[in-house]
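One is the number of the first residue; the rest follow in order along the sequence.
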Amino acid sequence: MKTKAFIFDLDGVIVDTAKYHYLAWKKIADTLNIDFTHEHNELLKGVSRVRSLEIILGLGNVEATEEQKNEWLNQKNEDYLAYIDKMDDSEILPGVMRVLNFLKDHNQPIILGSASKNARPILEKVQILNYFDDIVDGNDVSNAKPDPEVFIVGARKANQTNENSIVFEDSVAGIEAANTAKMTSIGIGEASILNEAKFNFNNFEEISEDFLAELINQ
Ligand code: BG6
Ligand code: MG
């Protein structure tokens, strides 16, 4: 068997933390009288924390000082971490463990490529930190998705070329990042939204072991 780099996004791919991001942002938006819906929340997927706040303030045409923005960023993260604290391995999305185990059994490098600065504590909470050969997260890169930096650093850590790297992503920005780097992009979620992805699946339960073996040997 050949070796590839398998790079996983975290939020919305391994765990459904988008709902906790939403609740924590919604609290800030409510105090500012900004209408923030689940549809608006789609705009925040894959996007950094700072950029997320800018998008929300933009929805309400709210202007603020850097000091105020920092207060809201801290508040949001505190509330988010309170949700994370209650997580356990039951929140790993269906099919993820089967895919991770298949890749481990076939000696494939498994890398995390996430915009989140909370990636490590989340992987610890759901008890899969030890599956990852390397973690590249929001603390390690200066350019957020759709810039491909996070995935390119991940591929290097696995000693693989971009062309030999496969990215699992649930966000439009992340698919764009993988495509820009000439990696194989796999959209997890609605194909109509992730229509730039090379392959699309609704979830990991739809991904067969034959398909994974083909990715490894292509
Ligand atoms: C991404 C999420 O994975 O991480 C975004 O899709 C989030 O919604 C971003 O804003 C940053 O996360 P954190 O945990 O550093 O605030
Ligand atoms: Mg995501």
Side-chain angles (χ1 to χ4, degrees), residues 4-23 25 36-48 51-52 55 59 91-103 106 108-116 119 122 126 128 131-132 136-138 143-152 154-155 160 162-218:
K4 298 278 155 54
F6 284 85
I7 307 178
F8 290 77
D9 175 47
L10 175 66
D11 296 314
V13 168
I14 293 176
V15 284
D16 181 19
T17 34
K19 60 187 179 205
Y20 301 136
H21 280 296
Y22 175 73
L23 290 170
W25 281 128
F36 178 56
T37 64
H38 280 284
E39 269 166 31
H40 293 139
N41 196 44
E42 287 297 313
L43 302 171
L44 308 189
K45 287 192 178 170
V47 167
S48 73
R51 182 76 194 115
S52 299
I55 292 172
L59 290 171
E91 296 204 39
I92 296 173
L93 287 166
V96 169
M97 290 317 297
R98 184 180 52 83
V99 169
L100 288 177
N101 281 317
F102 180 88
L103 297 175
H106 292 81
Q108 301 300 309
I110 301 176
I111 309 290
L112 193 86
S114 166
S116 174
I122 293 172
V126 302
I128 53 168
Y131 274 82
F132 289 85
V136 188
D137 66 19
N143 300 302
K145 299 169 189 175
D147 188 285
E149 184 182 2
V150 65
F151 296 145
I152 292 174
Q160 292 296 327
N162 292 1
E163 287 78 4
N164 275 341
S165 300
I166 293 126
V167 172
F168 296 99
E169 254 293 349
D170 72 316
S171 73
V172 174
I175 294 294
E176 190 184 329
N179 289 344
T180 302
K182 298 198 165 48
M183 298 179 174
T184 301
S185 55
I186 302 187
I188 304 292
E190 265 187 57
S192 58
I193 298 175
L194 305 174
N195 52 15
E196 296 289 323
K198 173 124 191 246
F199 300 101
N200 286 94
F201 297 96
N202 287 307
N203 55 56
F204 279 90
E205 284 189 317
E206 291 181 358
I207 299 183
S208 72
E209 300 190 346
D210 284 349
F211 175 75
L212 293 172
E214 269 172 42
L215 288 175
I216 295 170
N217 287 318
Q218 75 190 353

Take F168 and I7 through the side chain to side chain contact (heavy atoms under 4.5 Å, CB included) test and state the conclusion after the steps.
CA-CA 6 Å; F168 296 99; I7 307 178; over 6 Å; no

In residues 8-18, what donor-acceptor pairs under 3.5 Å come from side-chain atoms, sequence neighbours left out?
| from | atom 1 | to | atom 2 | distance (Å) |
| --- | --- | --- | --- | --- |
| D9 | OD1 | K145 | NZ | 3.1 |
| D11 | OD1 | T17 | OG1 | 2.3 |
| D11 | OD2 | H21 | NE2 | 3.4 |

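- Here NE2 of H106 is found 11.5 Å from CG of N101. Values are rounded to the nearest 0.5 Å.
- Considering only heavy atoms from C-beta on, T180 stays 4.5 Å or farther from F151 through its side chain.
- Going from atom CG of L212 over to atom CG of N217 covers 11.0 Å, rounded to the nearest 0.5 Å.
- Of all heavy-atom pairs spanning W25 and S52, the tightest one is CZ2-CB, 3.5 Å.
- Interatomic distance, CG of N200 versus OG of S192, reported as 9.0 Å (0.5 Å rounding).
- Within the 4.5 Å cutoff, no side-chain heavy atoms of E163 are placed close to those of K4.
- A distance of 6.5 Å separates CG in L103 from CD in Q108, rounded to the nearest 0.5 Å.
- For the side-chain contact (heavy atoms from CB on, under 4.5 Å) with F6, the qualifying choice from L100, I166, I111, V167 is I166, the only one to do so.
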For L215 and I186, what are the C-alpha separation, side-chain angles and deciding distance, and is it a side chain to side chain contact (heavy atoms under 4.5 Å, CB included)?
CA-CA 11 Å; L215 288 175; I186 302 187; 3.8 Å; yes

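- A donor-acceptor contact shorter than 3.5 Å is absent between the side chain of D170 and the backbone of I188.
- Counting only distance, with no hydrogens or angles, the side chain of Q160 and the backbone of S165 share no donor-acceptor pair below 3.5 Å.
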Evaluate side chain to side chain contact (heavy atoms under 4.5 Å, CB included) for E214 paired with E209, printing each intermediate quantity in order.
CA-CA 9 Å; E214 269 172 42; E209 300 190 346; over 6 Å; no

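- A distance of 5.0 Å separates CG in L112 from CZ in F132, rounded to the nearest 0.5 Å.
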Between N179 and S185, does the side-chain hydrogen bond (donor to acceptor under 3.5 Å, both in side chains) criterion hold? Intermediate values first, please.
CA-CA 6 Å; N179 289 344; S185 55; 2.7 Å; yes

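- In this structure, the side chain of N162 does not engage the main chain of I152 through any donor-acceptor pair within 3.5 Å.
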Contacts under 3.5 angstrom, residues 39-46 side chains, donor-acceptor by atom type, not counting sequence neighbours:
| from | atom 1 | to | atom 2 | distance (Å) |
| --- | --- | --- | --- | --- |
| H40 | ND1 | D35 | O | 3.3 |
| H40 | ND1 | T37 | N | 2.9 |
| H40 | ND1 | T37 | OG1 | 3.2 |
| E42 | OE2 | K45 | NZ | 3.1 |

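- Side-chain contact check for F102 versus I216: some heavy-atom pair is nearer than 4.5 Å.
- Residue pairs meeting the salt bridge (Lys or Arg N to Asp or Glu O under 4.0 Å) criterion with at least one member in residues 174-199, sequence neighbours excluded, do not occur.
- Side chain of R98 to main chain of I207: a donor-acceptor pair is present (N/O by atom type, distance under 3.5 Å, no hydrogens or angles).
- Close placement of the Y22 and F36 rings is indicated, their centers lying within 6.0 Å of each other.
- The heavy-atom pair separating S116 from A119 by the smallest distance is OG-N, 3.6 Å.
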